[in-house]
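Since the structure comes first, as structure tokens, the remarks are kept for the end.
Chain letters run A, B, ... following the sequence lines, proteins first and then strands; every chain starts at 1. Just so it is clear, the structure is predicted and the values come from calculations on it, not from any experiment.
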Amino acid sequence: GAGVSQTPSNKVTEKGKYVELRCDPISGHTALYWYRQSLGQGPEFLIYFQGTGAADDSGLPNDRFFAVRPEGSVSTLKIQRTERGDSAVYLCASSPSSGYGYTFGSGTRLTVV
Amino acid sequence: AQSVTQPDIHITVSEGASLELRCNYSYGATPYLFWYVQSPGQGLQLLLKYFSGDTLVQGIKGFEAEFKRSQSSFNLRKPSVHWSDAAEYFCAVGGGRDDKIIFGKGTRLHILP
């Protein structure tokens, strides 16, 4: 596609529920990144994929967070047993294999009530 | 470990005045450096990036930044700001092609008419 697409744009869920956030990167971009941005903060790195594999997942805060990219394109960030502290904007970015061209999507605003 | 410090949380300048936003980084090797802008309700947009070569980098919207290795700084400048420049600005550092990048906490720019 023309840009990085993230769905849904907004998600409200109850504490303890499971959520999935989707990212559709720019066509042909092999690198895909997930970030989380809390109010008044800069984006915080979560996980980075190169193709289908997670090249670096050091930013995932705990084992409730998991992400997949089974075919090397679309990625899903999964959060189990959501907590109010998980409320944030979740950003996805993609980059071409030939070098930096980090393009961000508009994000998914997750609110846990 | 990589880190970015943006010492100014808020900056206010008059329209038409010059601007400098400060950024200091910590990185063990040659850094890749970035400035992003985020307008209210908008996604992150890349203003400029430095990989190597000329330490003065030109970006979009009339912005420029200068890499100073001796000071571990990458300050953003604009000679004359416009009201539309009011936004949040993030400095970021990364380690190489397709590597994750780490963001600072941001500087919010306010423009006085």
Side-chain angles (χ1 to χ4, degrees), chain A residues 1-7 9-10 23-26 28-51 53-60 67 69 72 88-109, chain B residues 1-10 21-27 30-53 57 59-60 74 76 87-110:
Chain A
V4 178
S5 175
Q6 291 189 247
T7 54
S9 55
N10 279 285
C23 174
D24 199 340
I26 291 173
H29 280 195
T30 58
L32 184 146
Y33 310 80
W34 283 100
Y35 284 78
R36 176 170 70 175
Q37 187 174 20
S38 301
L39 197 62
Q41 301 294 314
E44 173 192 7
F45 171 77
L46 296 177
I47 186 170
Y48 146 51
F49 288 90
Q50 184 61 259
D56 184 348
D57 64 358
S58 61
L60 294 177
R69 196 185 184 199
V89 176
Y90 288 81
L91 297 166
C92 177
S94 69
S95 174
S97 59
S98 58
Y100 272 109
Y102 230 78
T103 302
F104 279 89
S106 297
T108 294
R109 181 175 298 279
Chain B
Q2 300 161 265
S3 68
V4 176
T5 301
Q6 294 180 249
D8 303 305
I9 298 173
H10 293 273
L21 300 183
R22 296 183 291 162
C23 172
N24 292 97
Y25 68 90
S26 174
Y27 194 71
T30 301
Y32 287 47
L33 294 159
F34 309 84
W35 275 98
Y36 281 83
V37 62
Q38 188 174 40
S39 298
Q42 302 295 311
L44 284 155
Q45 182 182 23
L46 179 66
L47 283 176
L48 48 78
K49 58 190 177 189
Y50 170 79
F51 292 168
S52 64
V57 180
I60 62 172
F74 189 57
L76 182 71
E88 185 103 28
Y89 291 80
F90 294 97
C91 181
V93 63
R97 287 171 180 264
D98 298 333
D99 192 10
K100 69 188 182 202
I101 65 173
I102 302 301
F103 287 81
K105 293 185 184 297
T107 296
R108 182 164 294 279
L109 175 64
H110 305 272

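Under the 30°/60° scheme for interplanar angles, the aromatic rings of B:Phe103 and A:Tyr35 are found to stand perpendicular. Ring-plane geometry between A:Tyr33 and A:Tyr102 is classed as tilted, the angle between the planes lying from 30 to 60 degrees on a 0 to 90 degree scale.
In this structure, B:Ile9 places its CD1 atom where only 12 or fewer heavy-atom neighbours from other residues, nucleotides or ligands lie under 6.0 Å away.
Residue A:Glu44: no heavy atom, backbone or side chain, is found under 4.5 Å from chain B. Residue B:Gln6 does not touch chain A at all, counting heavy-atom pairs closer than 4.5 Å. Only the side chain of A:Leu91 comes within contact range of chain B, with at least one heavy atom under 4.5 Å from a heavy atom of that chain.
Taking both residues in full, the closest heavy atoms of B:Phe34 and B:Phe74 are given as N-CE2, 3.9 Å, listed atom of the first, atom of the second, then distance.
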